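For the single chain, residues carry numbers from 1 onward in sequence order. Values reported hereafter were calculated over all heavy atoms of this structure, with side chains retained and with hydrogens, waters and symmetry mates removed. Because the structure is predicted, anything quoted here is derived from the model rather than measured.
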Amino acid sequence: MDNVCTYQIAVRDGLDERTCNLTSPLQITIVRSDPEATLLAVNADQSGLIGLIRHLHQQGYLLLSVIREP
């Protein structure tokens with residue numbers, strides 16, 4: 001649970017990296033962005049990941065997927 005991993009999260013619609021990082025509990029990096037979906041990456045443990053998912057939900061983003069990179 002304390003292991004820091006890289007997670008890729010896909011959300012519906014666009015997401016601005018700079019604006020998100022101003023209020024986000026973790027710093028994200030946009031991997032790919034198009035009008036329909038945005039793929040972002042974050043380095044976090046599971047606790048941090050839950051915090052980021054809650055933050056994205058509170059901002060009104062619809063989560064499409066969460067994938068842990070090996």
[atom2] on [Y] to [atom1] on [X], rounded to 0.5 Å:
X: Ile9; Y: Arg68; atom1: CD1; atom2: CZ; answer: 13.5 Å
X: Thr29; Y: Gln8; atom1: OG1; atom2: CD; answer: 10.5 Å
X: Leu52; Y: Ser24; atom1: CG; atom2: OG; answer: 4.5 Å

Pairs of donor and acceptor atoms involving the side chains of residues 30-42, under 3.5 Å and at least two apart or interchain, shall be tabulated with distances.
{"residue": "Asp34", "atom": "OD1", "partner": "Glu36", "partner atom": "N", "Å": "3.0"}
{"residue": "Asp34", "atom": "OD1", "partner": "Ala37", "partner atom": "N", "Å": "2.8"}
{"residue": "Thr38", "atom": "OG1", "partner": "Asp13", "partner atom": "O", "Å": "2.8"}
{"residue": "Thr38", "atom": "OG1", "partner": "Leu15", "partner atom": "N", "Å": "3.3"}

| said: Going by the rule side-chain hydrogen bond (donor to acceptor under 3.5 Å, both in side chains), which residues pair with Thr6 if we only count those two or more places apart in sequence or in a different chain? | reply: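 Result, side-chain hydrogen bond (donor to acceptor under 3.5 Å, both in side chains) vs Thr6: Asn43.
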
Donor-acceptor contacts under 3.5 Å from residues 55-66 side chains, at least two apart:
{"residue": "His55", "atom": "NE2", "partner": "Thr23", "partner atom": "OG1", "Å": "3.4"}

| message | Ignoring hydrogens, what is the shortest heavy-atom contact between Leu26 and Gly48? Give both atom names and the distance. | response |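 Looking at all heavy atoms of both residues, the closest pair is CD1-O, 3.3 Å.
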
| field | Any Asn21 side-chain heavy atom under 4.5 Å of Thr19 side chain | value |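 No; the side chains remain at least 4.5 Å from each other.
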
